[in-house]
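We use all heavy atoms of the structure for the numbers below, so side chains are in, but hydrogens, waters and symmetry mates are not. Every chain is numbered from 1 and lettered A, B, ... according to where its sequence line falls, protein lines coming before strand lines.
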Amino acid sequence: MKNLEIAKIFYEMADYFEMEEIDFKPFAYRKAAVGVEATKEDIEEIYKKWGLKALEEIPGVGKNLALKIEEYIKTGKILRYERLKKETPVDLEKLMSVDGIGPRKIKQLYQKLKIKNLKDLEKKAKSGEIAGLEGFGEKSGKNILDGIEFVKKSKGRFLLGKIMPSVEDILKKLSGLEYVLEITMAGSARRMRETIGDVDILAVSKNPKKLADFFSALPETVKVWSKGLKRVSIRTKSGFDIDLRIIPEKSFGSALQYFTGSKEHNIATRRIAIEKGLKLNEYGVFRGKKMIAGKTEQDIYRAIGLAWIPPEIRENSGEIEAAIAGKLPELVGYDDIKGDLHCHSSWDGGENSIEQMAQAAIEMGYEYIGISDHTKFLRIEQGLDEKQLLLQKKEIEKLNNSFPLPSHSSAEVGGERRRKFRIIQGCETNILADGSVDISDDVLAQLDFVIAGVHSGLKMEKEKMTERIIKAMRNPNIDIISHPTGRLIQERDECQIDFDKILMVAKETGIILEINSSPDRLDLKDINIRKAKEAGVKMAINTDSHDKIHLGNIKYGIAQARRGWAEKEDIVNSQKLNNLLGYFKR
DNA sequence: GCCGTTTTCGGCCCGACTGTTTTCAGTCG
């Protein structure tokens with residue numbers, strides 16, 4: 001699929017045109033890049049099936065850019081791009097990632113100092129040569145070095161789940177201050193993106209000066225970037241930056257809308273405002289000079305004729321059209337999960353006993369927990385064999401009998417009084433290279449449910465990998481496929497699989513695909529969740545906990561599900577236990 | 001370079017901040 005390659009080239013060409021101070025072309029190329037990126041079908045396929053004209057259907061792509069796409073598909077190159085690269089042969093992507101460095105500065109740095117990449121940039125910044133350039137001064141050199149350090153250390157982005165706890169902690173501290181009237185997260189953290197560049201916090205305060213002082217003196221702070229009465233930027237000990245913006249009360253809603261983004265969503269909402277003869281900016285919605293909304297986000301959306309849109313889906317990927325049509329999805333809620341189905345116990349080397357895991361699940365307010373330990377192929381994880389699974393079944397039955405019975409008879413189901421909480425037994429069996437699993441069918445059939453996952457041979461070629469997983473999906477004992485694409489965010493790409501084919505078989509067999517909530521997995525990811533939903537495939541949001549504290553990761557999985565437009569009915573473990581067990585049986 | 005239920009020409013989202021200037025360019029979100 002060449003879509004992303006083409007988008008990347010258009011983005012880079014936009015930067016090059018900006019270097020050349022060409023007006024509006026950068027805007028057009030970026031818009032086309034967004035359109036290409038957002039196209040779900042393989043652009044090469046589109047071209048081969050329908051020809052050049054079909055390319056012009058992509059938003060932002062006209063005659064000229066369609067020709068460039070054709071050229072890339074046919075020759076693997078775009079001549080104009082190659083020429084631009086030759087004229088200014090620099091590592092645009094890396095250089096642009098340094099804070100404060102953009103196309104114009106890159107051009108100057110190349111022309112005056114022959115700086116092509118981060119290494120050159122670092123060298124010249126250290127030698128002090130950059131400070132001598134026109135438009136650069138003492139501080140530029142130092143800022144560049146700081147920026148390079150940051151890029152190197154973090155690749156610029158952090159896992160949502162890694163930074164969220166400390167952000168929540170800081171928010172709690174700030175919200176306790178008597179001169180803070182309102183405080184909330186904005187930006188990509190509020191949208192629950194899987195990785196976060198920096199964190200935005202918005203506040204309304206009776207005493208901005210005091211708040212700014214308090215914020216910059218937090219024990220988490222290692223460096224204060226800038227400090228005014230409107231905005232304070234700090235770097236935390238964990239290495240990420242937080243911007244605190246202090247907002248006038250009457251503009252809080254518009255500021256929240258604006259700073260939550262995404263950028264694409266904001267461009268679209270502003271455009272809608274313009275169409276209605278209004279102006280939308282971070283200060284409010286205006287008709288002429290008259291402010292007609294600003295205090296709450298709901299007011300903002302209402303003023304431009306839209307229903308309020310949940311932050312997780314503000315990506316301009318159809319939510320605006322849905323809001324106009326009154327067809328926004330009712331996203332699965334953060335309180336909708338009734339039990340976690342993928343939890344490991346001390347039986348396979350996890351931190352906690354089954355009883356401790358169950359206790360933690362009860363404290364989360366769950367109705368059930370699924371214990372699904374690794375199986376024998378994974379010796380390193382102390383995977384269980386058939387005999388151990390049957391022993392474990394006995395222990396779980398014993399534990400289940402110890403949970404209190406409900407006091408009222410309404411809980412009576414099928415002549416049997418259900419207890420308030422139940423442990424159900426599964427296992428996370430391994431899908432071997434040939435698609436078989438490492439536990440015999442007669443034992444799998446005795447468990448309440450079975451998860452199967454790929455833990456080996458992740459580099460298998462696409463067709464073989466797809467067949468391998470499909471074979472497991474057709475095993476009638478298997479209910480759930482765990483972390484279906486095998487990715488590790490920022491570490492390992494997805495396995496090569498034909499996801500559309502997987503979805504077809506999932507629909508046909510009723511197999512459930514997991515949304516793994518582990519912050520470095522989040523697998524399925526948002527776009528795959530949306531595809532699964534559209535295909536009518538059921539999903540389960542699980543944590544893959546190896547320790548009871550991991551149970552709390554469920555919110556990242558739910559967030560990912562919401563980003564994928566999933567509703568409660570798409571998620572099997574938002575169902576009561578009876579319905580869930582019924583689904584497994586089917 | 002793209003685009004049109006006012007337009008096939010004349011617009012394109014737009015305000016704030018930083019570091020460098022002495023009135024502003026470049027970058028960011």
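- Distance, K31(A) NZ to dC3(B) C1': 7 Å, rounded to whole Å.
- Contact check on K173(A) versus E220(A) returns a salt bridge, with a Lys/Arg side-chain nitrogen under 4.0 Å from an Asp/Glu carboxylate oxygen.
- Atom name C1', nucleotides dT23(B) and dT18(B): the rounded distance is 15 Å, in whole Å.
- Checking the phosphate oxygens (OP1, OP2) of dC13(B), a side-chain nitrogen or oxygen of R271(A) falls inside 4.0 Å.
- Using a 4.0 Å heavy-atom cutoff across all strands shown, F17(A) reaches no nucleic acid atom at all.
- A cation-pi arrangement is absent between K290(A) and F286(A) under the rule of less than 6.0 angstrom and at most 45 degrees off the ring axis.
- Remark: the separation of the C1' atoms in dC13(B) and dG29(B) is 12 Å, to the nearest Å.
- Y258(A) has its OH atom 9 Å from the P atom of dA16(B), to the nearest Å.
- A salt bridge between E20(A) and K25(A) is absent, with no side-chain N of the basic residue lying under 4.0 Å from a carboxylate O of the acidic one.
- The side chain of K68(A) lies closest to dG1(B) when the candidates are dG1(B), dC13(B), dG15(B).
- To the nearest whole angstrom, the two C1' atoms, one in dT21(B) and one in dA25(B), are 10 Å apart.
- A straight line from CD of E71(A) to P of dG1(B) spans 13 Å, rounded to a whole angstrom.
- Contacts of R104(A) with the nucleic acid, taken as non-hydrogen atoms under 4.0 Å apart, involve only primed sugar atoms and P, OP1 or OP2.
- Among the atoms of the strands shown, none is found under 4.0 Å from any heavy atom of D200(A).
- If you check dC14(B), dG1(B), dT20(B) against the side chain of K139(A), the one that comes closest is dT20(B).
- Taking the P atom of each, dT7(B) and dC2(B) are spaced 22 Å apart, rounded to whole Å.
- Between R270(A) and D23(A), the residue anchored closer to the 5' end of DNA chain B is D23(A), taking for each the nucleotide with the nearest heavy atom.
- The pair D15(A)-R30(A) meets the salt-bridge criterion, with a side-chain N (NZ, NE, NH1 or NH2) lying under 4.0 Å from an Asp/Glu carboxylate O.
- Atom NZ of K295(A) has 12 or fewer neighbouring heavy atoms from other residues, nucleotides or ligands inside a 6.0 Å radius.
- Side-chain proximity of R231(A) to dC2(B), dG15(B), dC17(B): nearest is dC17(B).
- Which of dC17(B), dT27(B), dG15(B) sits closest to the side chain of K279(A) comes down to dG15(B).
- Applying the Watson-Crick and G-U wobble criteria (two distances, each under 3.5 Å), dC12(B) pairs with dG1(B).
- For the pair L202(A) CG and dG29(B) C1', the interatomic distance rounds to 12 Å; values are reported in whole Å.
- Separation of the P atoms belonging to dC12(B) and dT27(B) is 22 Å when rounded to the nearest angstrom.
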Could you walk me through whether Y16(A) and E87(A) pass the side-chain hydrogen bond (donor to acceptor under 3.5 Å, both in side chains) test, one step at a time?
CA-CA 10 Å; Y16(A) 277 119; E87(A) 261 167 57; over 6 Å; no

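- When heavy atoms are screened at a 4.0 angstrom cut-off, L280(A) is found touching no nucleic acid atom at all.
- Atom CD1 in I324(A) sits about 15 Å away from atom C1' in dT5(B), given to the nearest Å.
- Between E71(A) and K2(A), no side-chain nitrogen of the basic residue sits less than 4.0 Å from a carboxylate oxygen of the acidic one, so the salt-bridge criterion is not met.
- With dC13(B), dG1(B), dG15(B) as the choices, the nucleotide that has an atom nearest any side-chain atom of K263(A) turns out to be dC13(B).
- Residue contacts shown for K107(A) are absent, as no nucleic acid heavy atom lies under 4.0 Å away.
- Regarding I101(A), its CD1 atom lies at a distance of 13 Å from the C1' atom of dT18(B), rounded to whole Å.
- Counting any heavy atom pair closer than 4.0 Å across all strands shown, K63(A) reaches sugar-phosphate atoms only and no base atom.
- Look at N143(A) and you'll find a side-chain N or O under 4.0 angstrom from OP1 or OP2 of dG19(B).
- One finds no side-chain N or O of N281(A) lying less than 4.0 angstrom from the OP1 or OP2 phosphate oxygen of dC14(B).
- Heavy atoms of E134(A) sit nowhere under 4.0 angstrom from any nucleic acid atom.
- On the C1' atoms, dG1(B) is 25 Å away from dG15(B), given to the nearest whole Å.
- Across dT8(B) and dG4(B), the matching P atoms stand 13 Å from one another, rounded to whole Å.
- Aromatic ring centres of F17(A) and Y29(A) lie closer together than 6.0 Å.
- Rounded to whole Å, atom P of dG29(B) lies 6 Å from atom CG of D198(A).
- Where N266(A) and S140(A) meet DNA chain B, the nucleotide closest to each residue was compared, and N266(A) sits on the side nearer the 5' end.
- Between the C1' atoms of dT5(B) and dG19(B), the separation comes to 47 Å (whole Å).
- Both thresholds, 5.5 Å between centres and 30° between ring planes, are not jointly met by F27(A) relative to the base of dC12(B), so the two rings are not stacked.
- Contact of Y283(A) with dG15(B) (side chain to base): no donor-acceptor pair of N or O atoms is detected under 3.5 Å.
- One atom, CD of E138(A), and another, C1' of dT18(B), lie 16 Å apart when rounded to the nearest Å.
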